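Small disclaimer: the values here were computed from a predicted structure and weren't measured.
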Amino acid sequence: MRDPDYLTQQALTTIGTLNAFGQQQEIRASKRMIAFALCDTDDERSVSHPLQHLTDNQLITYRHHSDSYVLWEGSDLNLDALVQEAMRGIGDRTDLAALLQQSTEPVPLVARKHSYQTGAVRHFAVRFVAVDDLPALAQTVSRADGEMLYLVPSDNAALEAAHAWVNHAARAEETHRIAVMPDQVQRLGDLLLEVTALRRVLETQPELENDRVARRELASRLTEARQALEQAVVWTYRPGYGTWWWRGEAQQIAANRDLDNLLSHACDVTYHATPRVWNELIVRRQLSSASARARRNLVEAMLNHGHEPGLALEGYPPERAIYESVLLESGMHREEQDEQWGFGPPDPEKDKPLHLTPVWNAIQDYINAAQHEPKAVNGLFALLEAPPYGVKAGLVPLLFMAVYLANAGEITLYEHGNYVTVPDIAVFERLMRQPGYFSLRQSRAGGARMAVYERLARKLVQYALSKAVQPALLDAINPLLQLVRRLPEYSQYTRHVSEQAQAIRQALLTAREPDITLFETLPRACGVEPFAAETPFDETQFEAFFTALRNGLMELQAAYPTLITEVAGRIRDAFGAAASDPPALHKELTARCQHILPVTSDHELRALGVRLETANEGDAWIESVGALVARKPVTAWRDDDRTQFDLHIIDLGHRFCQTERVAAILRNQQAPDPPPAGSSDTPEVQPAASRHPGMHTLHQKMEQMLEEQGPELTDQQRVQVLWEILSPLIERTTGETPL
């Protein structure tokens, strides 16, 4: 060090010591602190000379935001010059509001009073807005209940424009928006310019890549500058300073309590139809995994046990707390008649503290508007989450389920545009996760259609008539839909039924709307005119419709059993069996297979034997044999598979009978006494009328081939091969089938 002055050395030591302690005790090495440590006085002039000397020699550096000195390891770069150059480059061309939004992270403001009273936490997103951007201001930022606008006027002209905007009559409708006009933003502008310049130097200056000391110093300065900027934002836009505007009127905000009252009042006005449900498990924008599981369990209980008190919930799981605070407390789940429980609109008296009726009515109105074409479920959810309802996303599906069950039979659901025939818990789990995949439609009936529904329900599903909401069209048609969809695949495609049965099947398999299917598509398939709501009921027309429908469904149900009976008949004919009924036929074929399996290598015949041996009781053996021959399960057959089976079973039966004959010959050869002459088990071959030289050659070749295969084949196997060759020759020459 050039100047060995004692005071200068002590100043350097003091700064280092204060820096070390300051990390833990928040002690700053300010000029006054250094003067007090060295000279027992707070007169800064006593240490001005040594501090300036240390600064000039780059042993220390001054940070003006913290008003302190820090030890400086030295660098070839002039950091102050780089920062000043960056600030000049930024100048006045940058949007101050945009830079503030990028450089700070304003904390959302919570309307605590309103949140406490309603049970739903509501917050206002904070954003900086340039005056020039006010005319094109969008609606409330997503995922926030309101917004706090921190206006950033750049000059006097902008200040006047901001005053004109906040006083405009259109602001009266923006109940979710509060604007703050600061007294001055010069201090913010200076700090923001410095923060932006420091960040730009750190990100763009190539010399810093190899200068660790300079990079670390700039990072420390940037951290301090950001802290100073955030503190300046708090002070600039704090209660008691600036002017606060709501709905075009200036508000007196002198303290934090006044601010919370304003935020809560804005929420009260904006969300005047919001429910007041005090259950933090469900009244949330995003549920925890435990809360989501509890909601899922509650929805399942609503579906399966809605007619029971307490939804048959046992113990006190989380779903019980949700049930009691939402469904039971409001009277949406209540005892209706004959000790049966059900869902309905909130009880007027019970609902006074909960205020769920407006939301119920909104859901019901949305469903009522979906009579002519489906409406998206996520559109309903968005409606409920928006003003004036503001229902939290966790609660919305539960309220929808209550209205859905109260209108059971009237609401048709679609998933990806496809009609949901059986809305079960799996469907509603997907609906709660992805409501955008679903839509709904209201299905109602009146006039002649109502009479048709009542008579059809009385004949098919009596319980539908006991539903609180009538007509329960979905309940009335569901048995028909399920009957057709549960038919074997063969029955869903075969053309071996009448054209009317095919038309009925097509109408039910392609059903999309229960009312259209029940009153228009099915009657046409049954050969009668559709039932119009405005026409009088015709008993004769209904009886013709119901008779044709019943006969068509019975024919579809009988299609597969008929197929099995025909397959059994084809098997009996192909194998030349004597048994008439399927059990006896099964027993006969099984016994016959036991005789041929030891002498055959035909894999299909051996597979036949295994299937006959291992098949279950009843018609299972027929299905097993049919699947073996057609290479496809009988339930999945098409009409072409049925034709191919008829051909292949004949071939299999022929091979089976031939093998039986060979097995019979082999058994006779192994018997101790030869069969008598002329026995039916011995084929009688007539000698040729004349000898031909080729016959001797053929005889020698066959003997030679039998000798060559000697080590590999037994005598029985050679006999079987010869018999398989000779059988068709004997049949052609004698005209008789050899036994």
Whether [Y] and [X] form a salt bridge (side-chain N of Lys/Arg under 4.0 Å from carboxylate O of Asp/Glu) is what I want to check.
| X | Y | value |
| --- | --- | --- |
| D145 | R285 | yes |
| E319 | R296 | no |
| K632 | D640 | no |
| R430 | E415 | yes |
| E489 | R638 | yes |
| D268 | R122 | no |

Checklist entry - Please walk me through it: do F124 and C267 pass side-chain contact (heavy atoms from CB on, under 4.5 Å)? => result CA-CA 10 Å; F124 284 68; C267 287; 3.5 Å; yes
Within the side chain of [X], is there an N or O that forms a donor-acceptor pair under 3.5 Å with the backbone of [Y]?
| X | Y | value |
| --- | --- | --- |
| Q101 | F128 | yes |
| R455 | E543 | no |
| N368 | Q364 | yes |
| T562 | A558 | yes |
| S325 | I322 | yes |
| T494 | Y490 | no |
| T270 | T175 | yes |
| R485 | L508 | yes |
| R177 | E147 | no |
| R276 | P353 | yes |

Between the side chains of [X] and [Y], is a donor N or O closer than 3.5 angstrom to an acceptor N or O?
| X | Y | value |
| --- | --- | --- |
| S288 | S291 | yes |
| N279 | E324 | no |
| E623 | Y560 | yes |
| H114 | Q117 | no |

Checklist entry - Can you check side-chain contact (heavy atoms from CB on, under 4.5 Å) on M302 and F343, steps first, answer last? => result CA-CA 9 Å; M302 293 169 68; F343 294 90; 3.8 Å; yes
Before we go on, tell me: are the rings of [X] and [Y] under 6.0 Å apart, centre to centre?
| X | Y | value |
| --- | --- | --- |
| Y493 | W637 | no |
| H333 | Y323 | yes |
| F537 | F531 | no |

Checklist entry - Should W341 and E336 be marked as a side-chain contact (heavy atoms from CB on, under 4.5 Å) after you check the CA-CA gap, both sets of side-chain angles, and the distance that decides it? => result CA-CA 5 Å; W341 285 61; E336 294 179 335; over 6 Å; no
Next on the checklist: For D619, give me all partners under salt bridge (charged side-chain N to carboxylate O under 4.0 Å, His left out), at least two apart in sequence or on another chain.
Outcome noted: none
If you compare all heavy atoms of [X] against all heavy atoms of [Y], which two are closest, and at what distance to 0.1 Å?
| X | Y | answer |
| --- | --- | --- |
| W360 | G344 | CH2-O, 3.1 Å |
| I622 | A568 | CD1-CB, 3.7 Å |
| P275 | V391 | CD-CG2, 3.8 Å |

Next on the checklist: side chain to side chain donor-acceptor pair (under 3.5 Å) for D351 and T357? Distances and angles first, verdict last.
Outcome noted: CA-CA 7 Å; D351 188 50; T357 300; 2.6 Å; yes
Checklist outcome for this item: Only one of Y404, Y437, F438 passes side chain to side chain contact (heavy atoms under 4.5 Å, CB included) with L431, and that residue is F438
Next on the checklist: One pair to check against salt bridge (Lys or Arg N to Asp or Glu O under 4.0 Å): D515 and R441. What are the steps and the verdict?
Outcome noted: CA-CA 11 Å; D515 53 342; R441 180 177 175 272; 3.0 Å; yes
Item to check | Evaluation steps, side-chain contact (heavy atoms from CB on, under 4.5 Å), between H305 and L313 | outcome: CA-CA 9 Å; H305 303 284; L313 295 172; over 6 Å; no
Taking everything shown except [X] itself, do over 12 heavy atoms lie less than 6.0 Å from its [atom1]?
| X | atom1 | answer |
| --- | --- | --- |
| E173 | CD | no |
| E529 | CD | no |
| E539 | CD | yes |

Checklist entry - Got a second to check how far L456's CG is from I477's CD1, nearest 0.5 Å? => result 8.5 Å
Next on the checklist: Rounded at 0.5 Å granularity, tell me how far CG in L380 sits from NZ in K375.
Outcome noted: 8.5 Å
